[in-house]
Asker: 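Got a structure for you, questions after.
In what follows, every heavy atom counts, from backbone to side chain, and hydrogens, waters and symmetry copies are set aside. For ligands, and for the atoms within them, numbers begin at 1 and follow the listed sequence. Because the structure is a prediction, the values reported are computed rather than measured.
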Amino acid sequence: MKEDIFPQGSAWMNGEFINISEARIPILDWGFLRSDATYDVVHVWKGQFFRLDEHIDRFFESTKSLRMPCSLERDDLKKILAGCVRHAGLDDAYVEMIQTRGVSKNFQRDPRKANHRFIAFAVPFGWILNPDEFEKGLNVIVSNIRRIPPESVDSKIKNYHWLDLISGMFEAYDSNVDSVILVDEGNNISEGPGFNIFCVDASGLYTPDKGVLEGVTRQTVLDLAEEINLPVNLKPISIDMLNDSIEVFATSTAGGIMPITKINNQLVGNGKPGKVTRQIHKSYWDLHVNSRWTQSVNDLV
Ligand code: PLP
């Protein structure tokens, strides 16, 4: 039965590696009852972590901002993450590190009284857009649902406040499309469930400057654009600008660079992945075999 539900995977909890099917948290954990948690996800491709230190930097920053600093040293954290991948027996993996507020004694309503919990796990690599569907690309809608504003929940802290995104996913499925882009309080585009958005026009790349998670893949695109002297503008993107773009793509650790070829039933450009998207997609995957950007799982365990 368990085998039908759980993927191949391994978790680290309470000081030991366990099968993913055995990993569970107490119901009274603030992380579960209040979404009082932060996390990060790094991927492993052909046995190599990609930009592991950048993910750990963001995780450490997030845990600090939420006043539950991660107590692990960087090298110990790396060892645990690599251990999860090794125990799971995976070459390509999605590796998540989580810090929850934990449980407070006698269910006290004071978050300062809770004992923080750290969990990590590795499962097979997951794709928002399957690589064999690259040419088809993603077909999305722009929803009227507003992403939680950064003044309410700091979007730089990777979090599980996903009810807006999940409502948007249902809206997308009801419209028979793959996914959704939410808007911000100014009716500019923000992000989608697990991905940032880039638009391309004749003058270069555009991506929202605020109200979104500062994705590590988004940063990688900014780095690659600099290398090839492609101008990038970080600024609010109106729905009109999105609709006028000659190319649009999504970026995520869960799949990399993914062309968006249809928005609200209208083709983007000619409805095929564009030149810039293809070039960045290729460069992004080329970085995965470049030791400047990767760390081997085997060297870390
Ligand atoms: N935006 C949101 C809301 C996310 O949850 C994610 C990743 O899960 C992203 C953007 C993309 O971030 P990254 O490139 O670091 O995976």
Asker: List the protein residues in contact with ligand 1, where contact means a heavy-atom separation under 4.0 angstrom.
Answerer: Y39, R58, R147, K158, W162, E191, G194, F195, N196, L213, G215, V216, T217, T251, S252, T253

Asker: Surrounding CG of L33 (heavy atoms of other residues, nucleotides or ligands, distance under 6.0 Å), is the total greater than 12?
Answerer: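 More than 12 within 6.0 Å, yes.
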
Asker: For K78, enumerate each residue passing the side-chain hydrogen bond (donor to acceptor under 3.5 Å, both in side chains) test, keeping only those at least two apart in sequence or located in another chain.
Answerer: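 With sequence neighbours excluded, K78 shows a side-chain hydrogen bond (donor to acceptor under 3.5 Å, both in side chains) to D53, Q295, given in chain and number order.
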
Asker: Any luck finding a side-chain donor-acceptor pair between R146 and N187 under 3.5 Å?
Answerer: no

Asker: Give a yes or no on whether the ring-centroid distance for W45 and F125 is below 6.0 angstrom.
Answerer: yes

Asker: Salt bridge (charged side-chain N to carboxylate O under 4.0 Å, His left out) with E135: which residues, sequence neighbours excluded?
Answerer: R278

Asker: In the hydrophobic clustering (ILVMFWY, side-chain contacts below 4.5 Å, transitive), which residues join V248, or is it alone?
Answerer: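 So far as hydrophobic clustering goes, V248 is joined with I128, L129, L138, V140, V142, I181, V183, I189, F195, I197, Y206, I237, I239, M241, L242, M258, I260, I263, V268.
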
